[in-house]
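Given the structure is predicted, the values throughout are model-derived calculations rather than measurements.
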Amino acid sequence: MIIKLFVCLLFTNLVLCSEIFNSDSSSSNDEEIPRNDEKHDAIPEQIHIAIGTNLSQIVVVFATGNDPKSPCAVHYGVDELNFTSEAEKSYFFYGNWKGVQFHHRAVLQDLLPEQVYQYQVVCDQNSGEIFRFKTCCLETNWSPEFIVYGDMGLSGGEPTLHLLSMESQSLNYAAVLHVGDFAYDFHNDDGRVGDDFMRRIQSIAAYVPYMTAPGNHESFFDFVHYRTRFSMPSLPWPMEKSKLWFSFDIGPIHFISYSTEVYFFDDMQFVKAQYDWLLEDLKQANAMRSVRPWVIAFGHRPMYCSNMNRDDCTKPTSLVRKGLEQLFFEQGVDLIIQAHEHSYERLWPVFNETITQTHYVDPRAPVHVISGSAGCNEFHGVCVNPILGPRGPWSAFRAWLPGLYGFGKLKAFNSTHLYWSQVLAVNNQTMDEFWLIQHNHGPFP
């Protein structure tokens with residue numbers, strides 16, 4: 001903490017640093033993590049939800065410290081808990097020697113749109129807390145809103161946690177997008193850090209579908225923590241290492257979660273499989289642009305950035321850019337959301353290192369946003385990724401100061417207007433915002 005305050009003072013002022021310091025300290029004391037270190041009970045914990053194969057399904061994923069005598073179940077309903085879904089189970093020990101090893105997944109089916117549901121997990125007479133969520137509208141002509149961030153650690157994410165929890169429990173958001181790098185790291189302390197992180201984000205992810213993309217910090221032990229702790233649409237559970245990408249639709253938006261990690265692990269053996277899938281998925285999305293106009297892709301590592309390090313996005317030979325930029329341009333992806341850099345940066349519409357315009361009205365190339373400042377664990381939570389050096393002409397706005405955590409809000413107002421704001425966790429103020437206006441959705445010329 002002393003190091004964090006010292007670095008903060010180096011770049012900003014005493015008043016602001018005092019706010020960050022005090023906020024961080026108080027959250028450490030106030031936000032106690034409930035912990036089930038006694039593994040002889042099948043007590044449900046780490047409860048979180050995601051969208052199923054369609055918006056009429058919600059998937060509930062949770063863990064127990066021991067193997068239940070009979071299958072766990074999720075009871076749910078609108079006014080009463082009068083429906084039940086039995087959970088399937090997965091056991092994983094690899095890279096999780098001291099962690100909670102029994103993980104469960106239940107699918108809540110045939111949900112009515114725009115309803116607030118209650119649900120409760122029960123395992124061997126042990127009942128979890130009653131949570132609630134709101135189902136989405138099934139139509140395309142409504143205005144969903146989303147919370148977006150990447151790179152949130154167990155301790156580094158404390159300053160953001162309180163605000164994210166309040167926002168999520170309002171049930172005003174259709175989903176949370178966590179664009180890679182969780183816990184720092186799931187496997188640390190033989191899996192206990194992963195357990196504590198999942199307990200901590202329960203105050204967010206038990207209320208709003210928590211949609212993910214893998215980052216480099218999930219790569220240990222063949223991504224097994226990521227593949228087991230989460231369940232994503234149209235993928236088997238636990239997820240397979242050979243396919244950590246998927247898509248889903250909400251309102252006027254087609255979302256694509258892709259893996260940038262295929263370019264850095266496993267000798268790039270999954271690059272072609274993901275590319276072929278992306279091409280087919282984007283073609284299908286383009287065929288539906290008249291009813292679902294927006295296409296938004298999110299993946300962990302950026303194609304461009306102006307950070308002062310040696311990351312892939314700082315290099316002219318960027319592997320991610322070489323592998324995906326032309327595809328996303330040719331298929332007309334409107335917005336590309338990334339993280340990895342522990343900072344915030346907004347780009348002008350850009351393709352092949354050339355900006356097409358310095359505004360966002362009918363852009364002729366994808367718009368990139370980097371929002372990786374939710375609070376990592378590196379450098380005692382300061383998350384040092386300086387962004388103070390020279391930048392390319394494609395950089396429209398950038399911000400980085402130690403300890404200034406934040407997250408994005410995304411709202412599709414209609415078929416032509418999309419709004420993004422970047423919020424500071426320390427004071428809930430908007431640091432940056434822009435409107436993306438597109439009347440000509442589809443492949444760029």
Side-chain angles (χ1 to χ4, degrees), residues 46 48 50-53 59 61-63 88-105 107 150-153 177-195 197-198 201 205 209-248 255-282 297-302 312 319-320 322-324 327 338-340:
Q46 308 176 39
H48 56 285
I51 294 167
T53 56
V59 175
V61 182
F62 55 96
E88 59 182 314
K89 178 181 64 180
S90 179
Y91 171 81
F92 88 99
F93 182 76
Y94 181 51
N96 191 36
W97 294 286
K98 295 180 182 178
V100 175
Q101 293 160 0
F102 295 93
H103 291 253
H104 311 262
R105 173 184 180 268
V107 181
D151 300 76
M152 187 167 76
L177 311 182
H178 188 145
V179 194
D181 280 6
F182 306 75
Y184 286 80
D185 294 332
F186 278 139
H187 70 281
N188 282 357
D189 195 13
D190 295 328
R192 286 178 171 175
V193 167
D195 290 336
F197 177 79
M198 296 306 296
I201 67 164
Y210 206 81
M211 313 306 291
T212 63
N216 54 298
H217 281 267
E218 286 69 71
S219 64
F220 298 92
F221 301 99
D222 289 332
F223 295 86
V224 67
H225 280 269
Y226 175 80
R227 295 189 290 112
T228 307
R229 293 180 184 274
F230 296 109
S231 173
M232 292 294 118
S234 304
L235 298 180
W237 181 81
M239 292 183 279
E240 298 172 352
K241 186 176 69 167
S242 58
K243 191 179 184 299
L244 296 178
W245 46 89
F246 60 92
S247 63
F248 59 99
F255 283 104
I256 300 172
S257 172
Y258 63 97
S259 173
T260 57
E261 304 317 295
V262 298
Y263 295 97
F264 303 94
F265 298 99
D266 301 303
D267 299 320
M268 299 177 68
Q269 63 176 299
F270 303 125
V271 167
K272 185 178 186 303
Q274 177 175 250
Y275 184 94
D276 291 346
W277 179 88
L278 283 169
L279 177 59
E280 183 61 30
D281 186 83
L282 285 164
F298 61 99
H300 184 59
R301 304 196 200 208
D312 183 65
L319 295 175
V320 178
K322 180 181 178 181
L324 294 174
L327 173 65
Q338 302 134 123
H340 190 61

Within the 6.0 Å centroid threshold, strictly below: Phe62 and His48 | no
Name all residues meeting the salt bridge (Lys or Arg N to Asp or Glu O under 4.0 Å) criterion together with Asp267; count only those two or more places apart in sequence or in a different chain, and write none if there are none.
-> none
Are the side chain of Gln338 and the backbone of Phe298 linked by a donor-acceptor contact shorter than 3.5 Å?
-> no
Intermediate values then yes/no, side chain to side chain contact (heavy atoms under 4.5 Å, CB included), Leu177 and Phe255 | CA-CA 10 Å; Leu177 311 182; Phe255 283 104; 3.8 Å; yes
Do the rings of Tyr91 and Phe102 sit parallel, tilted or perpendicular, given the 30° and 60° boundaries?
-> tilted
Heavy-atom closest pair, residues Ala213 and Phe182 = O-CE1, 3.6 Å
Only one of Phe265, Tyr226, Trp97 passes ring-ring contact (aromatic ring centres under 6.0 Å, His included) with Phe221, and that residue is Trp97
Lys243: partners by salt bridge (Lys or Arg N to Asp or Glu O under 4.0 Å), with sequence neighbours left out | none
Can we call the ring centroids of Tyr184 and His217 under 6.0 Å apart?
-> yes
Is the backbone of Val100 close enough, under 3.5 Å, to the side chain of His103 for a donor and an acceptor to pair up by distance?
-> yes
Give a yes or no on whether the backbone of Ala339 and the side-chain of His300 come within a donor-acceptor separation of less than 3.5 Å.
-> no
Looking only at heavy atoms, which two atoms of Ser259 and Trp245 are closest? And how far apart?
-> CB-CE3, 4.3 Å
Given Arg227 and Asp222, is the salt bridge (Lys or Arg N to Asp or Glu O under 4.0 Å) satisfied, shown in steps?
-> CA-CA 9 Å; Arg227 295 189 290 112; Asp222 289 332; 5.6 Å; no
Could you list the donor-acceptor pairs under 3.5 angstrom formed by side chains in residues 228-238, with sequence neighbours left out?
{"from": "Thr228", "atom 1": "OG1", "to": "Val224", "atom 2": "O", "distance (Å)": "2.9"}
{"from": "Arg229", "atom 1": "NE", "to": "His225", "atom 2": "ND1", "distance (Å)": "3.2"}
{"from": "Arg229", "atom 1": "NH1", "to": "Gln46", "atom 2": "OE1", "distance (Å)": "3.1"}
{"from": "Arg229", "atom 1": "NH1", "to": "Asp195", "atom 2": "OD1", "distance (Å)": "3.2"}
{"from": "Arg229", "atom 1": "NH2", "to": "Asp195", "atom 2": "OD1", "distance (Å)": "3.2"}
{"from": "Arg229", "atom 1": "NH2", "to": "His225", "atom 2": "ND1", "distance (Å)": "3.3"}
{"from": "Ser231", "atom 1": "OG", "to": "Arg105", "atom 2": "NE", "distance (Å)": "2.8"}
{"from": "Trp237", "atom 1": "NE1", "to": "Thr228", "atom 2": "O", "distance (Å)": "3.0"}

Looking at side-chain heavy atoms only, is the closest gap between Glu280 and Asp276 below 4.5 Å?
-> no
Judged by atom type as modelled, is there a donor-acceptor pair below 3.5 Å linking the side chain of Glu218 to the main-chain atoms of Gly180?
-> no
Using a strict cut-off of less than 4.0 Å between a Lys/Arg side-chain nitrogen and an Asp/Glu carboxylate oxygen, indicate whether Arg301 and Glu261 qualify as a salt bridge.
-> yes
Do the side chain of Asp281 and the main chain of Trp277 share a donor and acceptor less than 3.5 angstrom apart?
-> no
Compute whether any side-chain donor of one residue and acceptor of the other, for Tyr263 and Asp312, lie under 3.5 angstrom apart.
-> no
Verify whether one side chain among His340 and Asn216 offers a donor that lies under 3.5 Å from an acceptor in the other.
-> yes
What heavy-atom pair brings Gly299 and Val179 nearest, and what distance separates the two atoms?
-> O-CG1, 3.3 Å
Test item: Ser257 side-chain N/O and Thr212 main-chain N/O as donor-acceptor pair under 3.5 Å | yes
Can you find a heavy atom in the side chain of Phe223 that is under 4.5 Å from one in the side chain of Pro214?
-> yes
pair Phe264-Val320: side-chain heavy atoms closer than 4.5 Å | yes
How long is the gap from CZ on Phe270 to CG on Leu244, to the nearest 0.5 Å?
-> 8.5 Å
Less than 4.5 Å apart, any side-chain heavy atom of Leu327 and any of Leu282?
-> yes
Which atom names give the shortest non-hydrogen contact between Val262 and Val271, and what distance separates them?
-> O-CG2, 3.4 Å
Let me see the working for Met211 and Phe248 under side chain to side chain contact (heavy atoms under 4.5 Å, CB included), right down to the final yes or no.
-> CA-CA 10 Å; Met211 313 306 291; Phe248 59 99; 4.0 Å; yes
Would you find a donor on one side and an acceptor on the other, under 3.5 Å apart, between the side chain of Glu88 and the backbone of His104?
-> no
In terms of ring plane angle, is the pair His187 and Phe220 parallel, tilted or perpendicular, where the classes change at 30° and 60°?
-> tilted
Expected output: side-chain His178 to main-chain Asp181 donor-acceptor under 3.5 Å = yes
